[in-house]
Amino acid sequence: MIHLSINGQSVEAQEGQTILDVATANKIGIPTLCHFNQLHAVGSCRICSVEVAGAKGLMAACVTPVVEGMVVLTHSAKVRQMRKILYELMLSDHPADCLHCDRNGRCEFQDLGEVLQIKESRFVGKRSKNAMDDSSPAIIRDTTKCILCRRCVSMCNEVQGVGALNAQNRGFATEIGPGGRERLGTAVCTYCGQCTTVCPVDALHEKDSITAVWQALSDPARKTIVQTAPAVRAALGEEFGLAPGTLVTGKMASALRQLGFQVVFDTNFTADLTILEEGYELLARLAALAKKQGQIDDRQLAALNLPHHLPDPVLPMITSCSPGWIKYAEHFHGDLLAHLSTCQSPHMMLGALAKTWYAQSNGLDPTELSVVSVMPCTAKKFEITRPELKTRGLATVDAVLTTRELARMIREAGIDFANLPDSPFDSPMGESTGAAAIFGTTGGVMEAALRTVYEVVTSRPLPFENLHIQPIVGLDRIKTASIRFENVLPAWSFLEGIEVPIAVTSGLSGARQLMDEIEAGTSPYVFIEVMGCPGGCLSGGGQPRPSTPEIRQLRLQAIYREDEGKPLRKSHDNPDIRKLYEVFLGQPGSQLAHELLHTTYQRRNKI
């Protein structure tokens with residue numbers, strides 16, 4: 001142990017810890033700005049400067065390791081004066097119109113001014129940056145507000161491995177953005193929105209959909225349909241002072257009705273549908289491989305009643321419900337797109353059904369329907385603009401609200417969210433199983449799919465306690481497991497004794513690692529789940545800030561509670577899904593299902 005003194009208090013530390021680490025552990029407050037959850041520690045802002053006995057100048061606490069006998073002062077007159085000067089210099093290069101900013105009252109830069117007791121800036125002069133980049137359908141980049149903390153750079157490069165954001169130019173002309181004078185709309189950006197979750201100001205934020213949604217709600221000629229993703233209900237309450245991990249499913253449905261939505265559906269319904277489509281697609285790929293290897297013939301293949309469009313036996317098959325991951329694959333792994341499941345994401349499936357089956361069943365004109373998705377994800381805003389995802393010439397989903405945007409609408413409408421009564425979702429797309437609930441966390445899609453696939457092949461439930469595949473539960477970046485098919489039904493005899501190695505990753509750096517293995521021909525897996533955001537949708541780019549590991553864990557626990565509290569926990573047991581196939585789709589992978597629920601992908605430039 002290392003012994004040191006902070007503000008006259010004797011403390012102990014471990015080798016390698018920084019002054020900030022030790023101070024935090026001993027509940028000694030040191031203000032920070034650029035520092036973020038161990039992700040980003042470069043000491044660029046110097047707000048955490050402290051006085052260290054014997055040092056020539058002040059030291060940045062976030063990057064200075066402790067040493068034996070160190071004497072530290074965290075709020076001496078010299079330290080306080082320097083922090084004020086640093087803050088005032090940053091403030092002199094920052095807009096002062098806080099009342100017009102979406103982060104007003106929720107801004108770390110603003111909060112720091114209160115901590116440092118800054119009332120005004122003594123410095124005035126030329127502003128270094130003055131550009132608004134609204135070229136992306138998902139994310140706005142406002143350089144006038146950027147304080148050059150570089151948190152977004154660390155997130156984009158170190159965690160996501162995309163590299164769309166970096167410091168461009170030098171000195172007073174420094175700007176954070178894509179290289180080569182590119183804009184986000186044309187850069188190699190996946191629109192995952194993780195940069196927006198770590199930006200301490202409003203320099204990076206989701207593109208506004210609130211105005212368009214209010215217009216749709218106010219239009220008497222339109223019928224407005226809303227749907228909500230599984231991860232939203234585990235995080236929305238945080239925007240209204242509820243503890244992280246509080247499930248607000250019923251309150252959320254009530255709030256949406258009070259906002260004026262005429263129909264409130266649950267994206268979990270089509271998460272169950274996705275499992276049927278994706279599960280049978282995996283089985284079809286395995287069967288196609290068995291036929292290619294001579295294990296079964298055409299007659300045996302026909303008896304399996306698999307999707308009419310038999311896919312190529314390309315393995316491993318990779319999940320496709322994360323639009324940020326899909327865009328990443330299109331940019332960086334264009335030669336491997338055949339590995340992606342052709343299934344659309346659940347909210348796109350619901351939009352397609354709303355404008356076909358629901359409209360037909362209720363005598364509605366689909367051109368007069370507005371479908372709004374409430375998602376934890378900024379990349380969904382891009383997804384709905386993809387031309388290959390239109391439904392019979394119409395936009396499948398008309399607008400996407402992030403969790404944060406929905407919270408702003410609720411506050412604007414004066415709704416007392418915390419005290420709302422619970423209400424259910426509407427039929428016919430409001431019923432869901434526990435398998436759909438766990439879509440919101442990393443590993444959830446994989447587990448949900450295998451709950452169905454295993455039972456189709458064996459007629460028995462997954463042989464795991466409480467149906468959970470424990471090795472893929474949790475927030476590790478890459479998780480692996482193996483499922484063995486034993487005592488299978490006669491029709492599936494070619495799978496008897498087969499081991500199915502699986503892998504799960506969240507965050508695009510993990511995706512790169514798994515895709516590199518496939519490219520090298522060394523991947524041992526049959527089925528891979530990829531989520532674009534670390535931890536999955538529960539920490540998506542549109543979720544409430546902050547999204548720390550501790551908060552992610554609480555949201556994860558909430559999602560599993562939702563699963564375990566459901567009377568039905570396997571997607572194929574959802575009675576409304578069964579009815580949908582009986583009266584409309586026919587069977588998983590039918591020609592109609594393929595038209596409405598599946599898609600194609602496109603190779604994109606790497607530069």
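The chain is numbered in sequence order, starting from 1. Scope of the values below: all heavy atoms of this structure, side chains included, with no hydrogens, waters or symmetry mates.
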Should we say atom CG of N169 is surrounded by more than 12 heavy atoms from elsewhere, each under 6.0 Å from it?
yes
Of R404, R408, R106, which is the lone residue that meets side-chain hydrogen bond (donor to acceptor under 3.5 Å, both in side chains) with E239?
R106
For E175, run the salt bridge (charged side-chain N to carboxylate O under 4.0 Å, His left out) check against R141, R127, R181, R170 and tell me which one passes.
R141
Heavy-atom side-chain proximity of L86 to C45 below 4.5 angstrom:
no
Going by salt bridge (Lys or Arg N to Asp or Glu O under 4.0 Å), name the residues that satisfy it together with E108, two or more places apart in sequence or in a different chain.
R151
Listed partners of Q117 passing side-chain contact (heavy atoms from CB on, under 4.5 Å), at least two apart:
K84, E114, K119
Got a list of side-chain donor-acceptor pairs under 3.5 Å for residues 92-101, not counting sequence neighbours?
residue: S92; atom: OG; partner: L89; partner atom: O; Å: 2.6
residue: D93; atom: OD1; partner: S128; partner atom: N; Å: 2.8
residue: D93; atom: OD1; partner: S128; partner atom: OG; Å: 3.4
residue: D93; atom: OD2; partner: S128; partner atom: OG; Å: 2.5
residue: D93; atom: OD2; partner: K129; partner atom: NZ; Å: 3.1
residue: H94; atom: ND1; partner: K145; partner atom: O; Å: 3.2

Are side-chain heavy atoms of L204 and L165 found at a separation under 4.5 Å?
yes
Decide yes or no for C34 and I47: does some side-chain heavy atom of the first lie under 4.5 Å from some side-chain heavy atom of the second?
no
Within a strict 4.5 Å, meaning less than it, do heavy atoms of the L73 and V79 side chains meet?
no
Does some side-chain heavy atom of P323 sit less than 4.5 Å from a side-chain heavy atom of C377?
yes
When every non-hydrogen atom of I30 is compared with those of A61, the smallest separation belongs to CD1-CB, 4.0 Å
Mind checking what makes side-chain contact (heavy atoms from CB on, under 4.5 Å) contact with R150, not counting sequence neighbours?
H40, L148, V153, A167, T174, I176
P31 to L116 - nearest heavy-atom pair and separation
CG-CD2, 4.3 Å
Do L217 and V372 have side-chain heavy atoms sitting under 4.5 Å apart?
no
Heavy-atom nearest pair, V213 first then M409, reads CG1-CE, 3.8 Å
Shortest non-hydrogen contact from A216 toward S370:
CB-OG, 4.0 Å
Quick one: which residue pairs count as a ring-ring contact (aromatic ring centres under 6.0 Å, His included) with a foot in residues 181-206, not counting sequence neighbours?
Y191-F382
Any side-chain heavy-atom pair of C537 and P230 under 4.5 Å
no
Closest contact, heavy atoms only, C62 versus H35
CB-ND1, 3.7 Å
Does CD belonging to Q81 count more than 12 external heavy atoms closer than 6.0 Å?
no
Do you know which two heavy atoms are closest between R477 and T505, and how far apart they sit?
O-OG1, 2.8 Å
Assign the ring pair F240 / F417 to parallel, tilted or perpendicular, where the plane angle (0 to 90°) is split at 30° and 60°.
parallel
Tell me, please, which residues at least two apart from S209 pass side-chain contact (heavy atoms from CB on, under 4.5 Å).
K381, L401, E405
Can D202 and R103 be counted as an ion pair, charged N to O under 4.0 angstrom?
no
Checking side-chain polar atoms at under 3.5 Å, does Q543 have a donor or acceptor matched by the opposite partner on S539?
no
Between K380 and E206, is there a salt bridge with N-O shorter than 4.0 Å?
no
Are the side chains of Y87 and L33 in contact, using a 4.5 Å heavy-atom criterion?
no
